[in-house]
Amino acid sequence: MATLPKVVGRVRDLRSAVAGFRAEGSKVALVPTMGALHVGHMALAERARELAGRTVVSIFVNPAQFAPHEDFDKYPRALEADLNKLAEVGVDLVYAPTATEMYPAGFATRITVGGPSEGLETDFRPHFFGGVATVVGKLFTQCAPDYAMFGEKDYQQLKVVTRLSKDLDLGVEVVPVPTIREEDGLALSSRNAYLDEEQRKIAPVIYAALTRAAEQIRAGTEPQAAVDTASGMISALGLKVDYVAARHAETLAPLKDAKEPIRLLAAAWLGQTRLIDNIPV
């Protein structure tokens, strides 16, 4: 049986461990997570191990990115199972701070990122990226890694974090890792555990609709017409669509020209579960 990674919960212990990695001449890669790890997270950890001599995984369900009506309290937590999975990949260190460690009494700072955070998720979860940027900014300064792995499944988040690291000169290279999917196309997500059997059969429609829209755009269909068709395809199976959009693939700004690099992004509710996905054109 693989050896479980060491677990630390305090900033000082994290920094001490990372200093030890540095002393041996190793580069360090960080994989920020909220736990409830699945194959997609393992892909992030495996990519981290390819790039760096030492890999740190953070596990922290960040209250700052949940609105009061969202699923913070029921978000899946499974630390023991997570540690066993990380052991199989060969992760060196797990940082699992408490909320008090991350946000001690009197904490009063919040990071705001413009640019790629504007629209899409922000239209429906205006609190979200401030919470993400703040916790990621703290993780980057606490761990000071060379690399940080982020999945393309949360594409807008990936672009926000990339912008954050660059704008604040944090010295962390944000590395995108492709989305891991089930055989039927559904993007892996910890929230997929909320889906019942019938919902699980329906959920891949988001990926199917985006794939069809991308094919239409490549064939010459105007992007807005293609995403409108995709939105209708998703709605037809009973999902409540928050958005289906075609955006500039790098900046996430609204398209000015169909010849620009395009990313298609979608979010929709299936029952009480909110699913997101995206693909390149």
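Model, not experiment: these values are computed from the prediction.
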If you round to the nearest 0.5 Å, how far is [atom2] of [Y] from [atom1] of [X]?
X    : Y    : atom1 : atom2 : result
T109 : K138 : OG1   : NZ    : 8.5 Å
H38  : S189 : NE2   : OG    : 5.5 Å
L195 : I202 : CG    : CD1   : 9.5 Å
L164 : T134 : CG    : OG1   : 9.0 Å
T211 : I206 : OG1   : CD1   : 11.5 Å
N192 : L188 : CG    : CG    : 7.0 Å

Donor-acceptor pairs are to be reported for all side-chain atoms of residues 262-276 against protein atoms at under 3.5 Å, with residues two or more places apart or in another chain.
unit_1: R263; atom_1: NE; unit_2: N278; atom_2: OD1; d: 2.8
unit_1: R263; atom_1: NH2; unit_2: E152; atom_2: OE1; d: 3.3
unit_1: R263; atom_1: NH2; unit_2: N278; atom_2: OD1; d: 2.9
unit_1: W269; atom_1: NE1; unit_2: D242; atom_2: OD2; d: 3.3
unit_1: R274; atom_1: NE; unit_2: D242; atom_2: OD2; d: 2.9
unit_1: R274; atom_1: NH1; unit_2: E121; atom_2: OE1; d: 2.8
unit_1: R274; atom_1: NH1; unit_2: E121; atom_2: OE2; d: 3.2
unit_1: R274; atom_1: NH2; unit_2: E121; atom_2: OE2; d: 3.0
unit_1: R274; atom_1: NH2; unit_2: D242; atom_2: OD2; d: 3.2

Could you tell me whether the side chain of [Y] reaches within less than 4.5 Å of the side chain of [X], counting heavy atoms only?
X    : Y    : answer
R200 : E182 : yes
L37  : M42  : yes
L86  : V94  : yes
V28  : T55  : no
M149 : L30  : no

For [X], which residues count as a side-chain hydrogen bond (donor to acceptor under 3.5 Å, both in side chains) partner, sequence neighbours excluded?
X    : value
D92  : R54
T229 : none
N62  : Q65, Y103

Can you list the residues that meet the salt bridge (charged side-chain N to carboxylate O under 4.0 Å, His left out) rule with R110, with sequence neighbours excluded? none

Quick one, Y75 with F66, criterion side-chain contact (heavy atoms from CB on, under 4.5 Å). Give me CA distance, side-chain angles, the key distance, then yes/no. CA-CA 10 Å; Y75 193 88; F66 289 80; 4.0 Å; yes

Surrounding [atom1] of [X] (heavy atoms of other residues, nucleotides or ligands, distance under 6.0 Å), is the total greater than 12?
X    : atom1 : answer
R212 : CZ    : no
R10  : CZ    : no
K6   : NZ    : no
E80  : CD    : no

Looking only at non-hydrogen atoms, find the nearest pair between [X] and [Y] and report the distance.
X    : Y    : value
V241 : S231 : CG1-OG, 3.7 Å
I180 : G40  : CG1-CA, 3.7 Å
P145 : V172 : O-CG2, 3.5 Å
V91  : A45  : CG2-CB, 4.1 Å

Using side-chain contact (heavy atoms from CB on, under 4.5 Å), reason through V31 and T33 one step at a time and then give a plain yes or no. CA-CA 6 Å; V31 182; T33 82; 3.9 Å; yes

L252/Q156 under side-chain contact (heavy atoms from CB on, under 4.5 Å): CA gap, chis, key distance, verdict: CA-CA 8 Å; L252 293 185; Q156 189 174 13; 3.6 Å; yes

Answer yes when R49 and E46 have at least one side-chain N-carboxylate O distance shorter than 4.0 Å, and no when they do not.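 Here R49 does not pair with E46 in a salt bridge, since their nearest N and O are not under 4.0 Å apart.
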
Does K159 come within less than 4.0 Å of D154, counting only side-chain N to carboxylate O? no

Do Q199 and Y194 have side-chain atoms, one donor and one acceptor, less than 3.5 Å apart? no

Flag for D228-Q224: side-chain donor and acceptor within less than 3.5 Å: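 Their side chains do contain a donor-acceptor pair, which is all the 3.5 Å distance test asks for.
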
Single-linkage hydrophobic cluster, 4.5 Å side-chain cutoff, [X] and [Y] together:
X    : Y    : result
V11  : I59  : no
V39  : M34  : no
V135 : V160 : yes
V89  : V177 : yes
L93  : L4   : no

Just by distance, do the side chain of [X] and the backbone of [Y] share a donor-acceptor pair under 3.5 Å?
X    : Y    : value
T221 : Q216 : yes
E88  : K85  : no
D82  : A36  : yes

Might you work through the salt bridge (Lys or Arg N to Asp or Glu O under 4.0 Å) test for R181 and D277, ending with a clear yes or no? CA-CA 10 Å; R181 300 183 180 277; D277 205 346; 2.8 Å; yes

Which residue pairs pass the ring pair (Phe, Tyr, Trp, His ring centres under 6.0 Å) test when at least one of the two sits in residues 110-161, sequence neighbours left out?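 The answer is none; no pair qualifies.
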
Could you give me the CA-CA distance, side-chain angles and deciding distance for L139 and M102, then say whether side-chain contact (heavy atoms from CB on, under 4.5 Å) is met? CA-CA 9 Å; L139 289 170; M102 291 299 282; 4.1 Å; yes

